[in-house]
Amino acid sequence: MVTPALAALVALGSVWVLISSAGVYCAERPRLTVLATLAAFLIALCFRQLGSATTALHRWLTGCCLLLAAATLFVDARVVIRSGPRCGKSPTTAVSGARPLGANSSHMASYLSTR
């Protein structure tokens with residue numbers, strides 16, 4: 001019975017952050033990322049509990065928690081990814097010091113040609 005409470009708390013936290021941000025999500029990106037990570041953890045927990053569910057009620061309850069966590073993960077990830085360009089960050093350079101994919105291709109080609 002802990003899983004439904006956790007799924008509801010994560011979903012309510014996500015809704016609260018999205019409603020309180022008034023459409024500008026730059027400051028809320030870290031919070032939404034944490035909530036998306038928690039939702040992913042809950043999805044894994046739900047799949048683990050589905051295997052050990054003995055009654056139909058327990059399966060339905062766990063399935064509903066799984067759907068709620070999946071919806072939370074989808075919405076949070078979508079908002080974080082879509083708000084990236086408006087906040088001056090692209091998905092490939094979100095990590096500080098990271099370069100876009102293919103930036104080192106010439107270095108890699110010269111390294112492989114010497115071997």
Side-chain angles (χ1 to χ4, degrees):
M1 288 308 213
V2 174
T3 307
L6 288 175
L9 283 174
V10 170
L12 288 174
S14 177
V15 168
W16 179 71
V17 168
L18 290 172
I19 289 175
S20 67
S21 65
V24 180
Y25 304 112
C26 294
E28 279 76 19
R29 283 180 61 150
R31 291 184 197 132
L32 289 173
T33 303
V34 169
L35 288 168
T37 305
L38 289 173
F41 171 73
L42 283 171
I43 290 172
L45 186 65
C46 288
F47 275 122
R48 183 172 172 86
Q49 288 183 349
L50 272 175
S52 63
T54 55
T55 64
L57 177 65
H58 191 234
R59 282 190 198 108
W60 275 100
L61 187 62
T62 307
C64 289
C65 292
L66 177 67
L67 289 176
L68 183 62
T72 303
L73 176 63
F74 176 78
V75 170
D76 288 349
R78 186 176 171 102
V79 169
V80 167
I81 290 170
R82 289 205 174 197
S83 66
R86 283 181 271 160
C87 298
K89 296 179 181 177
S90 68
T92 57
T93 59
V95 179
S96 63
R99 294 186 197 135
L101 296 175
N104 290 331
S105 59
S106 62
H107 297 294
M108 184 61 101
S110 64
Y111 174 76
L112 290 176
S113 66
T114 59
R115 295 198 122 222

field: Option among Val17, Val75, Thr37, Thr72 that satisfies the side-chain contact (heavy atoms from CB on, under 4.5 Å) test with Leu32
entry: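 Filter result, single survivor: Val17.
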
Nearest non-hydrogen partners of Gly63 and Leu50, listed with the distance: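 What the structure gives for the nearest pair is N-CD2, 4.4 Å.
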
- prompt: Which atom names give the shortest non-hydrogen contact between Gln49 and His58, and what distance separates them?
  reply: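 For Gln49 versus His58, the nearest heavy atoms are O-CE1, 4.2 Å.
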
query: Under the side-chain contact (heavy atoms from CB on, under 4.5 Å) criterion, do Trp16 and Leu12 qualify, and how do the steps go?
result: CA-CA 6 Å; Trp16 179 71; Leu12 288 174; over 6 Å; no

Can you get from [X] to [Y] by hopping between Ile, Leu, Val, Met, Phe, Trp and Tyr side chains that sit under 4.5 Å apart?
X: Leu68; Y: Val79; answer: no
X: Leu73; Y: Val34; answer: no
X: Phe74; Y: Leu35; answer: yes
X: Leu45; Y: Val2; answer: yes
X: Val10; Y: Ile43; answer: no

Euclidean distance, [Y] [atom2] relative to [X] [atom1], rounded to 0.5 Å:
X: Ser21; Y: Arg31; atom1: OG; atom2: CZ; answer: 9.5 Å
X: Thr62; Y: Leu57; atom1: OG1; atom2: CG; answer: 9.0 Å
X: Arg59; Y: Thr54; atom1: CZ; atom2: OG1; answer: 7.5 Å
X: Arg29; Y: Asp76; atom1: CZ; atom2: CG; answer: 12.5 Å

- prompt: Hey, does Leu42 have a side-chain heavy atom less than 4.5 Å from the side chain of Cys65?
  reply: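 SC-SC contact between Cys65 and Leu42 ruled out.
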
